[in-house]
Amino acid sequence: MTTTRTVDTTQELAAFLRTRRESLNPHDFGLPARRQARRTPGLRREEVAELAGVSVDYVVRLEQGRGLRPSADVVEALARALRLASGERAYLYNLARQRPRAADKPATTAPPPLAHLVADLSPLPAMLLNHRYDILAWNGEMARLLLDFDTLPPSQRNAMWLCLMHPGMREFYVDRERVVREGVAHLRAAWAAHPEDRALTDLITEFTAGDEEFARLWAERDIKVNGRGHKVLRHPEAGEIAVHFEVLVPLQDPDQRLVIHRAADEESRRAMDRLFAG
């Protein structure tokens with residue numbers, strides 16, 4: 001019976017780099033023909049070094065597992081040079097014990113497969129958010145449960161902005177402070193993960209200046225983010241509705257969050273059925 005021992009990250013990093021280098025086709029890189037025939041498949045170490053902007057000796061030592069710990073910049077350069085897929089890139093970062101860089105441009109539109117999934121989750125209210133809490137997609141049930149997002153300008157289609165700034169939403173949540181606190185914790189964690197996101201920084205500045213409650217909670221530096229929970233809503237048509245919510249992160253689009261609501265009790269289920277049937 002074969003067993004896998006505890007991972008030796010240095011040796012696994014070396015083996016992973018070698019196998020990925022050897023799996024590449026030199027012709028795909030437009031590399032010039034060399035007089036000396038290739039004795040092994042894939043790219044040569046010097047070619048990877050040139051593509052990644054590091055020395056050949058550094059690549060040799062990495063592939064020999066000689067205890068190097070590449071920086072995040074070097075890991076990113078190697079990932080680009082080896083044309084790693086997103087899952088391979090994350091694996092390389094984990095082996096190097098570095099944190100992957102955030103996407104240069106956070107999503108501002110929903111990928112079509114996720115937009116279709118949001119629609120297909122009907123009759124469960126569902127929406128898709130990015131790390132700023134921008135609302136990228138929603139189904140009809142979510143619009144009926146919260147508000148008609150189509151009536152809002154894109155700049156206001158942000159779950160935190162609506163909770164803090166929209167007049168009709170200020171009394172919408174029975175336990176408003178907890179909802180705001182959880183939102184602030186999420187934004188603080190996102191802010192640390194995306195320090196170059198100017199739009200997120202501007203949003204936090206707007207909230208801090210325009211809402212005393214947000215400013216107070218922001219100063220507490222709470223970063224506990226809940227992926228599931230319970231809320232009670234004061235709906236203007238259906239009355240109080242208790243919901244459970246679940247937040248899921250798509251592997252292919254880890255910057256985005258799929259939020260799904262469902263009734264927490266039978267009375268709330270009946271209220272939601274009436275609301276969605278109207």
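Starting from 1, each residue takes its place in the sequence as its number.
- Looking at Thr208, its side chain does come within 3.5 Å of a backbone N or O of Ile204 through a donor-acceptor pair.
- Note that CZ of Arg178 is 13.0 Å distant from CG of Leu217, once rounded to the nearest 0.5 Å.
- For the pair Arg80 (side chain) and Ala52 (backbone), a donor-acceptor distance under 3.5 Å is absent.
- A 6.0 Å sphere centred on CZ of Arg97 holds no more than 12 heavy atoms belonging to other residues, nucleotides or ligands.
- The CG atom of Leu117 sits 9.0 Å away from atom CG of Leu248, with the distance rounded to the nearest 0.5 Å.
- Using a 4.0 Å cut-off between charged nitrogen and carboxylate oxygen, Arg132 and Asp202 do not count as a salt-bridge pair.
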(request) Carefully, step by step, assess His166 and Phe172 under the rule side chain to side chain contact (heavy atoms under 4.5 Å, CB included). (result) CA-CA 10 Å; His166 193 285; Phe172 187 75; over 6 Å; no
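- Across Met165 and Phe207, no two heavy atoms sit closer than the pair CE-CD2, 3.8 Å.
- Taken to the nearest 0.5 Å, the CE atom of Met142 stands 9.5 Å off from the CG atom of Leu124.
- For the pair Arg176 (side chain) and Cys163 (backbone), a donor-acceptor distance under 3.5 Å is present.
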(message) Could you go through Met272 and Val243, starting from their C-alpha distance and side-chain angles, then the distance that decides it, and tell me whether this counts as side chain to side chain contact (heavy atoms under 4.5 Å, CB included)?
(response) CA-CA 10 Å; Met272 289 171 68; Val243 297; 4.2 Å; yes
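- Looking at Ser268, its side chain does come within 3.5 Å of a backbone N or O of Ala242 through a donor-acceptor pair.
- Of the possible polar contacts, one joining the Asn139 side chain to the Ala126 backbone as a donor-acceptor pair under 3.5 Å is found.
- In this structure, Phe214 is a member of the same hydrophobic cluster as Leu162, with clusters built from ILVMFWY side-chain heavy atoms closer than 4.5 Å.
- Ion pair Arg181/Glu220 flagged as a salt bridge, since at least one NZ, NE, NH1 or NH2 atom sits closer than 4.0 Å to an Asp/Glu carboxylate oxygen.
- Both Tyr173 and Val184 are assigned to one and the same hydrophobic cluster, defined by single-linkage of ILVMFWY side chains at heavy-atom distances under 4.5 Å.
- With salt bridges taken as basic N to acidic carboxylate O contacts below 4.0 Å, none links Arg216 and Glu212.
- Side-chain atoms of Gln256 never come within 3.5 Å of backbone atoms of Leu128 as a donor-acceptor pair (strictly under, hydrogens ignored).
- In summary, of the residues considered (Arg228, Arg257, Arg262), a salt bridge (charged side-chain N to carboxylate O under 4.0 Å, His left out) with Glu246 occurs for Arg228 alone.
- Between Leu78 and Leu62 the shortest side-chain heavy-atom distance falls below 4.5 Å.
- Atom NE2 of His230 has more than 12 heavy atoms from other residues, nucleotides or ligands within 6.0 Å.
- In this structure, Leu68 is a member of the same hydrophobic cluster as Leu13, with clusters built from ILVMFWY side-chain heavy atoms closer than 4.5 Å.
- Neither side chain, Asn130 nor Asp255, offers a donor N or O lying under 3.5 Å from an acceptor on the other.
- For Arg144 against Leu275, the heavy-atom pair with the smallest separation is NH2-O, 3.1 Å.
- Between Glu237 and Arg274, every side-chain heavy-atom pair lies at or beyond the 4.5 Å cut-off.
- Looking only at atom types and distance, the side chain of Asp148 has no donor-acceptor partner in the side chain of Thr151 under 3.5 Å away.
- Residues Ser122 and Glu141 share a closest heavy-atom pair of OG-OE2, 2.6 Å.
- Classification of Glu63 and Arg45 as a salt-bridged pair holds, one side-chain N sitting under 4.0 Å from a carboxylate O.
- In the hydrophobic clustering of this structure, Leu43 groups with Val54; members are Ile, Leu, Val, Met, Phe, Trp, Tyr whose side-chain heavy atoms approach within less than 4.5 Å, directly or through other members.
- Of all non-hydrogen atoms in Leu82 and Arg20, the two that sit nearest each other are CD1-CB, 4.3 Å.
- Counting only distance, with no hydrogens or angles, the side chain of Arg188 and the backbone of Asp222 share no donor-acceptor pair below 3.5 Å.
- Counted by atom type alone, Tyr91 and Glu12 present one or more donor-acceptor pairs between their side chains at under 3.5 Å.
- Heavy atoms of other residues, nucleotides or ligands lying less than 6.0 angstrom from CZ of Arg61 number more than 12.
- At a threshold of 4.0 Å, the pair Glu182-Lys231 does not count as salt-bridged, since none of the basic side-chain nitrogens sits closer than that to a carboxylate oxygen.
- The structure places CH2 of Trp191 at 13.5 Å from CG of Leu203, a figure rounded to the nearest 0.5 Å.
- Looking only at distances, a side-chain donor or acceptor of Glu88 sits under 3.5 Å from a matching main-chain atom of Ala85.
- Here the side chains of Leu187 and Met160 are in contact, with some heavy-atom distance below 4.5 Å.
- Rounded to the nearest 0.5 Å, atoms CZ (Arg69) and CG (Leu95) are 12.0 Å apart.
- Distance CD/Gln252 to OG/Ser86: 5.0 Å, rounded to 0.5 Å.
- Between Phe245 and His261, the ring planes lie tilted relative to each other; the angle falls in the 30° to 60° range.
- Looking at Leu258 and Leu114, their side chains never come closer than 4.5 Å, going by heavy atoms from C-beta outward.
- Contact of the Leu152 side chain with the Leu147 side chain is registered, since non-hydrogen atoms from C-beta on lie closer than 4.5 Å.
- The number of heavy-atom neighbours closer than 6.0 Å to CH2 of Trp218, taken from other residues, nucleotides and ligands shown, is above 12.
- Under a hydrophobic clustering in which Ile, Leu, Val, Met, Phe, Trp and Tyr are joined whenever their side-chain heavy atoms come within less than 4.5 Å, directly or via other members, Leu136 and Leu129 fall into different clusters.
- Put simply, the side chain of Leu84 reaches to within 4.5 Å of the side chain of Phe16, judged on heavy atoms.
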(request) Go through Val48 and Leu24 one step at a time and tell me if the side chain to side chain contact (heavy atoms under 4.5 Å, CB included) criterion holds. (result) CA-CA 10 Å; Val48 171; Leu24 298 172; 5.6 Å; no
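- Side-chain atoms of Glu47 come within 3.5 Å of backbone atoms of Arg44 as a donor-acceptor pair (strictly under, hydrogens ignored).
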(request) Report the C-alpha separation of Val232 and Ile241 in whole Å, then their side-chain angles, then the decisive distance to 0.1 Å, and conclude whether the side chain to side chain contact (heavy atoms under 4.5 Å, CB included) test is met. (result) CA-CA 6 Å; Val232 180; Ile241 298 177; over 6 Å; no
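- Here His194 and His131 bring their ring centres to under 6.0 angstrom of each other.
- One finds no salt bridge joining Asp265 and Arg269 here, because no Lys/Arg side-chain nitrogen approaches an Asp/Glu carboxylate oxygen to under 4.0 Å.
- Between Ile135 and Trp138, the shortest heavy-atom contact is CG2-CE3, 3.7 Å.
- Considering every non-hydrogen atom in both Glu240 and Val174, the closest pair reads OE2-CG2, 4.0 Å.
- Sparse packing is recorded around CD of Glu267, with 12 or fewer heavy atoms of other residues, nucleotides or ligands lying under 6.0 Å away.
- Cation-pi geometry between Arg83 and Phe29 is satisfied (NZ or CZ under 6.0 Å from the ring centre, within 45° of the ring normal).
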